[in-house]
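The structure appears below as structure tokens.
In each ligand, atom 1 is the first atom listed, and ligand 1 is the first ligand listed.
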Amino acid sequence: MSHTHTHTHTATNGPSIEVLHGESIKLLRTLQSETVDALITDPPYCSGTSSATGRTADPVVKYAQNGNACGRPSFEGDAKDQRSFTRWCADWLGECRRIVKPGGYALVFIDWRMLPAMTDAIQGADWIWRGVAAWNKGAGARAPHKGYFRHQCEFIVWATKGPCAKRLDAGPFPGCYSFSTKQSDKHHLTGKPTPLMQELVKVVPVGGTVLDPFAGSGTTLVAAQLEGRSAIGIEREEANILITKKRLAAI
Ligand SMILES: C[S@@+](CC[C@H](N)C(=O)[O-])C[C@H]1O[C@@H](n2cnc3c(N)ncnc32)[C@H](O)[C@@H]1O
């Protein structure tokens, strides 16, 4: 992937939002150490069914209801097996740890199947794993058939770079967030609700900076801008960069 264009979107007197187009580990290596307050990201989960063919299917087949993506672009890099996923996550999590300030947070989304791999990777990258919060998507969530529990929650593995400071300005934060996904607020096959991301960026003080190396349609960046936080996002698919720029411009 050869793209490394930088687009900066800065609202007047507002937070600065930077969108980088390219491969995340490559671009993370260009960012300075100890310059952001939190890593908040939703990486490709490389999940799918219990079979290898399920995992390696196109994300449209994996994530769109009845295979209908409603025009949302697909993306690469979602077919790693558990071991290559864990190793790859530890690589970018380590690079992000360098960029986050001491005491800063990592909030990383993952599903139930890949949760053990992600908690291994976060510890392998020398973050201090602190817990797992849940995102409750509501009772509309998928269940393959009767007799199943619904796949109603995704998880937010959270960790800190060294000690977690006792804060007077914020928290304790909720251990469970309930937000359903509205079609009008979904700009990516696996897009997160903007109000959910608005809650999560609040772990960073107003004026602080969030890093999202798998920005997708830019929901973390949009949330940061709405909440007065700065953000740096990285995304590889050009179609998503265009969607992100449109969303930021519309605020
Ligand atoms: C789960 S999606 C993020 C969706 C986002 N939370 C949203 O609300 O739109 C993960 C994104 O990471 C991007 N991606 C995957 N591997 C990447 C890589 N190595 N470098 C940069 N981006 C990558 C994919 O193109 C995809 O858009």
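Taking a cut-off of under 4.0 Å to the non-hydrogen atoms of Gly22, the atoms of ligand 1 that pass are 20 (N), 21 (C). Atoms of ligand 1 lying under 4.0 Å from any heavy atom of Gly191, numbered from 1 in the order shown and given with element: 7 (C), 8 (O), 9 (O).
The closest approach between a heavy atom of Glu23 and any atom of ligand 1 is below 4.0 Å.
Checked against the 6.0 Å centroid criterion, the rings of Trp158 and Phe173 do not qualify as a close aromatic pair.
Counting heavy atoms from C-beta on, the side chains of Pro213 and Leu39 come closer than 4.5 Å.
Distance check: Thr219 OG1 to Leu196 CG gives 9.5 Å after rounding to the nearest 0.5 Å. Atoms NZ and CD, from Lys26 and Glu95 in turn, are 14.0 Å apart once rounded to the nearest 0.5 Å.
Between Ala231 and Leu221 the shortest heavy-atom distance is CB-CD2, 3.6 Å. Nearest approach of Glu235 to Phe214, heavy atoms of both residues: OE1-C, 4.2 Å.
Of the heavy atoms in Ile25, none comes closer than 4.0 Å to ligand 1.
Protein heavy atom closest to atom 1 (C) of ligand 1, with residue, atom name and distance, is Thr190 OG1, 3.0 Å. What sits closest to atom 15 (C) of ligand 1 on the protein, heavy atoms only, is Pro44 CG, 3.6 Å. Scanning the protein heavy atoms around atom 27 (O) of ligand 1, the nearest turns out to be His188 NE2, 2.7 Å. Atom 14 (N) of ligand 1 has as its closest protein heavy atom Phe214 CD2, 3.7 Å. Nearest protein neighbour of atom 8 (O) of ligand 1, counting heavy atoms only, is Thr219 OG1, 2.6 Å. Nearest protein neighbour of atom 10 (C) of ligand 1, counting heavy atoms only, is Asp42 O, 3.4 Å.
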Self-check item: Residue pair Val206, Arg229: steps toward the side-chain contact (heavy atoms from CB on, under 4.5 Å) verdict
Solution: CA-CA 5 Å; Val206 174; Arg229 276 71 172 173; 3.4 Å; yes

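Taking only non-hydrogen atoms, the option from Ser24, Gly218, Ser217, Ala215 nearest to atom 9 (O) of ligand 1 is Ser217. Here the shortest heavy-atom distance to atom 13 (C) of ligand 1, taken over Glu235, Met197, Lys186, Arg236, belongs to Glu235.
Residue contacts with ligand 1: Lys192 is placed with a nitrogen or oxygen under 3.5 Å of a nitrogen or oxygen of the ligand (distance criterion only).
Looking at Arg130, its side chain never comes within 3.5 Å of a backbone N or O of Tyr105 through a donor-acceptor pair.
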